[in-house]
Amino acid sequence: MKIAILGAMREEITPFLKKFPHYTQEEVGGNTFYKIPYNGNELILAYSKIGKVHSALSASTMILKFNCEKLIFSGVAGGLNPKLKVGDLIIASKLCQYDVDITAFGHPLGFIPQSSVYIDSDHSLNQIAKEVAQQKGIDLMEGVIASGDSFIASSEKKKWLIENFQADAVEMEGASVANVCHLLKIPFCILRSISDSADGGADISFDEFLEHSAQVSADFVEAMLAKI
Ligand code: ADE
């Protein structure tokens, strides 16, 4: 089986390249895809670059060109739920694009005709994540992840995301990856470790904790892979 592991930033996939140093690589659409033999399976690893467009392209490439049958996103996010602290982990139960707005036509915020506000992630992959969390004694949150093409660094915007989408964490790629996987019928799981609290200090916190939180997420995904 071919399993896609996708991050957005180089820092989010560097821990995997260190864990799995024997790979071949192929360039497609401005990204490098690393092919890693893994227990009779193959991992296809890449970072997309930041944002919904880049991550949608990478997820599509992994599925349509490299024939990946499952996808796990590993990376960092801003915490919206006060229970989430730096280094904590969240899996998305469902994801939404908070920056979609055609309310002028009477649609709910985040809604696109012939689609839906929220896309559900895969129950079986999330179940594997919960098993790993239990074994490692990790308090894994399952919640709503909101995605959009902005880095959120203000308490007002944070409040707006919670009020309008009941979001627990915010990032810039999960919902686009979710859309691609949903439409192409590929089971997916979006895992994020918290790097900041999406408030006034988010930029400083992000810079300080990106590497650490990316490592936390990658270590968790490695444990998940052993169960797939
Ligand atoms: N990824 C990590 N922190 C984030 C934030 N505050 N906003 C958007 N994406 C993020």
Side-chain angles (χ1 to χ4, degrees), residues 5-16 31 46-59 71-101 109-110 117-119 121 129 140-180 188-221:
I5 300 178
L6 181 58
M9 299 176 71
R10 186 192 301 278
E11 290 85 345
E12 290 170 325
I13 72 142
T14 299
F16 292 101
N31 290 118
Y47 73 94
S48 61
K49 299 191 287 287
I50 293 169
K52 293 192 293 166
V53 170
H54 286 132
S55 55
L57 173 62
S58 294
L71 184 148
I72 301 177
F73 192 103
S74 177
V76 304
L80 302 176
N81 187 318
K83 286 188 196 145
L84 287 171
K85 308 292 179 216
V86 166
D88 286 353
L89 284 162
I90 177 169
I91 46 166
S93 53
K94 56 184 185 176
L95 300 102
C96 59
Q97 298 184 64
Y98 69 77
D99 52 1
V100 163
D101 184 348
L109 255 185
V117 175
Y118 296 100
I119 308 278
S121 56
L140 174 69
M141 180 180 284
E142 185 176 21
V144 176
I145 294 186
S147 311
D149 287 321
S150 301
F151 183 83
I152 302 297
S154 100
S155 302
E156 291 78 48
K157 285 188 187 152
K158 186 173 169 173
K159 191 161 162 260
W160 183 89
L161 287 168
I162 296 169
E163 279 173 8
N164 287 284
F165 293 97
Q166 294 75 51
D168 296 294
V170 62
E171 35 84 310
M172 302 177 70
E173 298 85 16
S176 41
V177 171
N179 258 280
V180 166
F188 71 95
C189 173
I190 309 287
L191 175 77
R192 297 279 188 167
S193 173
I194 301 303
S195 56
D196 59 86
S197 297
D199 54 14
D203 51 342
I204 306 226
S205 179
F206 181 87
D207 281 344
E208 185 174 351
F209 295 111
L210 166 62
E211 226 172 287
H212 171 72
S213 297
Q215 182 75 48
V216 169
S217 181
D219 289 345
F220 193 92
V221 168

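Bear in mind the structure is a predicted one, so any value in this text is a computation, not a measurement. First listed ligand is number 1; within each ligand, the first listed atom is number 1.
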Legend entry - Non-hydrogen atoms of L80 and L161 that approach each other most closely: CD1-CB, 4.0 Å

Inset, instruction - May I have the step-by-step check of side chain to side chain contact (heavy atoms under 4.5 Å, CB included) for N179 and K52, ending in yes or no? - result: CA-CA 10 Å; N179 258 280; K52 293 192 293 166; over 6 Å; no

Legend entry - Pocket residues of ligand 1, ordered first by chain and then by residue number (heavy-atom cut-off under 4.0 Å): V76, A77, G78, S150, F151, I152, V170, E171, M172, S195, D196, A198, F206

Legend entry - Contact summary for V86 and S205, nearest pair of heavy atoms: CG2-OG, 3.9 Å

Inset, instruction - List the atom of A169, the atom of I194, and the distance in Å for their closest heavy-atom pair. - result: CB-CD1, 4.4 Å

Inset, instruction - Scan V180, L95, I72, L6 and name whichever one has a side chain to side chain contact (heavy atoms under 4.5 Å, CB included) with F188. - result: L95

Inset, instruction - Search all heavy atoms of S93 against all heavy atoms of E142 and return the closest pair with its distance. - result: CB-CG, 3.7 Å

